[in-house]
Amino acid sequence: MIYSLMASNLSKKIRPLRRLLTASASCIVFREPFAVRRTYSIISCAMDNFKRRRLENVWHQPPPSLAGLQQQEQNAYSSIRKANCGELRESNHGQLFELSGKVAENRMGKFLDLRDVHGSVQLVANNSQLQRQVAHIGKGSFLSIVGRVQERPQRWRNPAFATGGIDVVIEEILQADGGMPDAPKKIDFSKRYYSTLAAPAVARGVTILEIEKSRTESLLKYFKNRKYACSEFRLKDVGRKVELVGWVDAKKRHDRFLLLRDGHGEVQLMVENVPQRVRDAIQLLQDSSIVSVSGTVMARPASCVNPNLGTGTVEIVLDDFTVLDPNEPYNGPELEQPSTSSEEEFSTNRFTNRTHNCGELRLTHVDQEVVLCGWLEFSRLNKFFTLRDGYGSTQIFIPDELASEVNLNSIPFESILKVEGKVVIRPKGQDNPRLPTGEVEVVLGKVEVLNEARTRLPIDLKEHNKAKENLRLEHRYIDLRSSQLQRNLRLRSQIIMKIREYMINKCGFVEVETPTLFRRTPGGAQEFVVPTRKPGHFYSLVQSPQQFKQMLMSGAIDRYFQIARCYRDEATRPDRQPEFTQLDIELSFTNRDNIMSLLEGLLASSWPAADDPLKVPFQRLTYDEAMNRFGSDKPDTRFGYELQDVTFKVVHNAKLLLGYDPQEYSAYVIVAKSPHSGTPTSLKKTLDSISKEHKNCRFVLSSITDNWLESSIINLLTDDVAKILKQHLSLKTGDLLLLGFGKRINTQEMMGRIRLAFYESLESRTLVDKRSSTEQNFLWLYDFPMFAANEETGKLESVHHPFTAPHPDDLEKLREKVQLEKIRSQSFDLVWNGVEIGGGSVRIHNGPLQKMVLDEVLQIEHSHLQHLLDALECGCPPHGGFAVGLDRYIALLCSAPSIRDVIAFPKSSEGKDPLSKAPVPISEEEKKLYHISTADAMEG
């Protein structure tokens, strides 16, 4: 409200100020109690706009002092407290808070779900002006607001969320990155029709369109030496004096406005009150004219804002306008060449003997003398060759005068060359749009062979002639040059950097390195043992830092993380290695939901696809629901064909129970409709093979025909059960019924595998679209059983690990040691597209309870864990943590078939190292040093 601005020195000016602010609402917003945007320049800009709209007679006095206004604003803000999105409750009703987070949902342009790592809260925009702003804020945008808490009406409360009893009514939008109309648009250089690396923050390099428009070198130089491009102006630039160069569409001239364009964008020019000399120049404009203009950036009135234009919130009020003569020499400022700024802004060439890398050159570098170093990739007719490094490839042209001196035929491919030359535009029709450097080439001036390669290399890097994997692993130093491995390893580095930035800078975690050499831990995976010089004494390589991180919690390192190396001596699979890397996290005074929120924020902040941000929060399923719907504890939710529970439909036939207790029995079906109901022989064999691998259950595949109720299926189901199933499942002729029944857990697992195999068959026959490996089907699974019986021994084992805490509702069952297999744990897994990428739990922090679980439930001898038990009994806070398998996660991000494709020097699928041939025998002297003797393998 306007009255909130009143101070003694403004009492006589408030009426014209109100009119002024109405005319300039695009840059100043007045709402109680936040009446003032903080700077004198904005008020001044509003006055200039107001005067320019022929309202000069309203206010001829100079702008008022802002001291009183700033004091009013400071008082208003002094009552605001910062809060996270998950902590507000009904007790905060009427209070003002500043909130920041990511927009998870935008409904009807009025309701926003704002989320941070602590939770989410619903924001409400109650007035039309805020609703117009909110309408432009998209999912994934960062939003910072000031708002007032209000209780929701009883019927609108959502008990599923901690903040479900309140809304936050927006009073002020402080920042909205990526959503507000005046927010700077992020430039994605890979998607523009021109390329430039001269200034990555704001693109000002010369574009193809500008080169075509310029016609002469003197005009082109105006574009090369400009200080600003037409596309970069926003409200933050109001009041700035600028000089621009570009062209004007002569057919779209207006008495008051012109649209100035260059190769980067456009901006509106205000020509209403310019001198007659400028008007005469405008009248003489032609479509081919290149013009130079100077003026002041001003904010547009609210009614004139163009949300479809990046510069649509501002315009340039002209001071000068000149049509440039293409035949006259350049008469503008001389700015630093882009090569200098490139060297300062990009670190890939610093501290090296090159000026640019092989993937860097663009049209902005034309006429520059460059030095490149790299591998000889390809040559043609002794006229062209391509030089490649880890950043890309550049074509080198050999001029006729050097053709006799440079004999490419004598230089083997993959030799290391140093090239000096001049960047030029490729001849028309010879550009290569598939290469980032495809619009330019380097005219060779000098070439030096730094290291000549062998004439014949052991493997070929060409994709169509790729060697077998073991041979590529043996010569990994060559294989690493491939574009795929270069991309994967560089992406891995970027993601790990973002993880560290988020954990340390945004969440206050401490990175702690824990030992690799530890003592053997019985149970779990097999460990690697390390001999010592003390006879009969061995270290073990840690499977994970589990015990260390729990002891860190006891030691008051309450927020720990580590990019940890882990080791397991087990048979390798495509997603396993004997040594692997995991992101290890532990924190005190937390719970399951908080850890889930932390991981969602972490993955969203390190997500590599900027144009497709990760959508959080993730879906959540209990273990029981996942097994009932998908038959898997890591379900792939990218497709349907979910299991349907028909247990109560088939129990009418006692023969189908297979002798099992009805409490342990289940029956599930999958129904496929035509045209997906075909059953080729290969599918039948696959399903039959799966069913034979699962004990204690049976599988039936049946095609629905017109006389299905009279077919042999009746001998199995009985007439009554068949009729019940047909009616319940709405079975039609041509449908396919996949039925599994038997012991519940075995039946669920079998049907889960059958579901996957059936859909893979549909994909192979192109009856359905192939699943995308990058779909964002993330899923939390929780409420796992705490214990499960070993199928062979019948002994109880931990489903997660023995340090996992029980569900609070099941704690008494554990203390009384009753219904142990029905106790739920506080463990949870993160699944992405059917692959488990991480797991975590809330831990047992009570020493006696941990001893009881080890002693009386699992019956594990625990003397080797005494150090951990002592730590729990010496004042250990409640704590929990999580671990992400980084190799597996990054392999999924890269769509790599194996984690070996995202590790620089992996082991083979047999766990061996083809590069060094490890493991290898050691000498007798070394055996003696470590008190080792080996048993020779028996012959025969």
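For reference, positions follow the sequence shown, starting with 1.
- Remark: the backbone N or O of C507 is paired with a side-chain donor or acceptor of R559 at under 3.5 angstrom.
- A pairwise comparison of heavy atoms in F580 and Q582 identifies CE1-OE1, 3.9 Å as the closest pair.
- Residue-environment remark: CZ (F618) exceeds the threshold of 12 foreign heavy atoms within 6.0 Å.
- Summarising the geometry of M852 relative to R815, their closest heavy-atom pair is CE-CA, 3.9 Å, with the distance given to 0.1 Å.
- Residue W607 comes nearest to L614 through the heavy atom pair CD1-N, 3.6 Å, listed as atom of the first residue, atom of the second, then distance.
- By the 4.5 Å heavy-atom criterion applied to side chains, L123 and V121 are counted as neighbours.
- In this structure a side-chain-to-backbone donor-acceptor pair under 3.5 Å is missing from S540 to E527.
- No side-chain N or O of H862 forms a donor-acceptor pair with one of Q850 less than 3.5 Å apart.
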**Study point:** Audit row: N488, L491, side-chain contact (heavy atoms from CB on, under 4.5 Å) steps and yes/no
**Key:** CA-CA 5 Å; N488 292 354; L491 179 63; 5.9 Å; no
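- Remark: side-chain polar atoms of S798 are not paired, donor with acceptor, to backbone N or O of H800 under 3.5 angstrom.
- The shortest distance between side-chain heavy atoms of F561 and R500 falls below 4.5 Å.
- Applying the ring-ring contact (aromatic ring centres under 6.0 Å, His included) test to Y623 and every residue at least two apart in sequence or in another chain returns F784.
- With hydrogens and angles disregarded, a donor-acceptor distance shorter than 3.5 Å links the side chain of R152 to the backbone of I166.
- At a threshold of 4.5 Å between non-hydrogen side-chain atoms, the residues L865 and F803 count as touching.
- Contact of the E105 side chain with the L114 side chain is not registered, since no non-hydrogen atoms from C-beta on lie closer than 4.5 Å.
- Under 4.0 Å is where a charged nitrogen must lie from a carboxylate oxygen, and between E171 and R148 at least one such pair does.
- No donor-acceptor pair under 3.5 Å is formed between the side chain of D167 and the backbone N or O of V169.
- K634 NZ: 12 or fewer foreign heavy atoms inside a 6.0 Å radius.
- In this structure, L143 and L174 have side chains that are not in contact, with every pair of non-hydrogen atoms separated by 4.5 Å or more.
- In this structure, N106 contributes its side chain and I137 its backbone to a donor-acceptor pair below 3.5 Å.
- In this structure, D624 CG and N628 CG are separated by 7.0 Å, a value rounded to the nearest 0.5 Å.
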Exercise for review: Under the side-chain contact (heavy atoms from CB on, under 4.5 Å) rule, what do C566 and Q543 come out as? Steps first, then yes or no, please.
Suggested key: CA-CA 5 Å; C566 305; Q543 298 181 39; 6.0 Å; no
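- Side-chain atoms of Q577 and R900 form no donor-acceptor pair, as typed in the model, at a separation below 3.5 Å.
- Contact of the R620 side chain with the M596 side chain is registered, since non-hydrogen atoms from C-beta on lie closer than 4.5 Å.
- Atom CZ of R824 is separated from atom CG of D810 by 4.5 Å, given to the nearest 0.5 angstrom.
- Counted within 6.0 Å of NZ on K817, heavy atoms from surrounding residues, nucleotides or ligands total more than 12; the atom is thus considered enclosed.
- Taking 4.0 Å as the cut-off between side-chain N and carboxylate O, K907 and D913 do not count as a salt-bridged pair.
- To the nearest 0.5 Å, the span separating CG on L811 from NE2 on H807 amounts to 11.0 Å.
- Counting all heavy atoms, side chain and backbone alike, S898 lies closest to A891 at O-CB, 4.1 Å.
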Check your understanding: Given the rule in the side-chain contact (heavy atoms from CB on, under 4.5 Å) test, do I557 and V512 qualify, once you have shown the distances and angles that lead to the verdict?
Key -> CA-CA 9 Å; I557 306 295; V512 180; 4.2 Å; yes
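- Judged by the 6.0 Å distance and 45° axis criteria, R592 is positioned over the aromatic ring of Y782.
- Within the structure, every pair that satisfies the ring-ring contact (aromatic ring centres under 6.0 Å, His included) test and touches residues 868-888, not counting sequence neighbours, is listed here: W780-F882, F828-F882.
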Check your understanding: Between Y502 and F509, is a ring pair (Phe, Tyr, Trp, His ring centres under 6.0 Å) present by the stated rule, with each step listed?
Key -> CA-CA 9 Å; Y502 182 84; F509 277 73; 8.6 Å; no
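- Distance alone, capped at 3.5 Å, is enough to place a donor-acceptor pair between the T163 side chain and the S120 backbone.
- Here the CD1-CG distance, from I844 to L849, works out to 4.5 Å after rounding to the nearest 0.5 Å.
- Side-chain contact between Q562 and Y560 is present, with heavy atoms from C-beta onward closer than 4.5 Å.
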Exercise for review: Check step by step if side-chain contact (heavy atoms from CB on, under 4.5 Å) holds for L587 and L598.
Suggested key: CA-CA 10 Å; L587 65 160; L598 167 65; 4.2 Å; yes
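- If you run side-chain contact (heavy atoms from CB on, under 4.5 Å) between I170 and each of V146, V134, L99, only V134 comes through.
- Enclosure of atom CD in E625 by more than 12 non-hydrogen atoms of other residues, nucleotides or ligands within 6.0 angstrom is indicated.
- One distance of note links CD of Q619 with CG of L781; it measures 9.5 Å at 0.5 Å rounding.
- Of the possible donor and acceptor atoms, none in the side chain of D584 sits under 3.5 Å from a partner among the backbone N and O of A564.
- For the atom pair CD of Q547 and CZ of R519, the computed distance is 9.0 Å after rounding to the nearest 0.5 Å.
- R115 has a carboxylate O that lies under 4.0 Å from a charged side-chain N of E600, or vice versa, which qualifies the two as a salt bridge.
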Review point. Do K851 and E873 pass the salt bridge (Lys or Arg N to Asp or Glu O under 4.0 Å) test, and can you show the C-alpha distance, the side-chain angles, and the key distance before you say yes or no?
Key: CA-CA 11 Å; K851 276 185 181 179; E873 293 178 355; 3.5 Å; yes
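- A search for side chain to side chain contact (heavy atoms under 4.5 Å, CB included) contacts involving R492 returns I496, T581, D887, I890, V902, I903, not counting sequence neighbours.
- Within the 4.5 Å cutoff, the side chain of M627 has heavy atoms near those of the I745 side chain.
- Of all the heavy atoms in P802 and V853, the pair that sits closest is O-CG1, 4.1 Å.
- Side-chain N/O atoms of S773 and E775 include no donor and acceptor closer than 3.5 Å.
- Between the N777 side chain and the T637 main chain, a donor and an acceptor come within less than 3.5 Å of each other.
- Across all their heavy atoms, C85 and S100 have their closest contact at SG-O, 3.7 Å.
- Under the 3.5 Å distance criterion, the side-chain polar atoms of S841 are left unmatched by any main-chain donor or acceptor of R843.
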Check your understanding: Which is it for Q486 and R490 under the side chain to side chain donor-acceptor pair (under 3.5 Å) test, yes or no, and what are the steps along the way?
Key -> CA-CA 6 Å; Q486 286 286 325; R490 292 174 190 277; 2.9 Å; yes
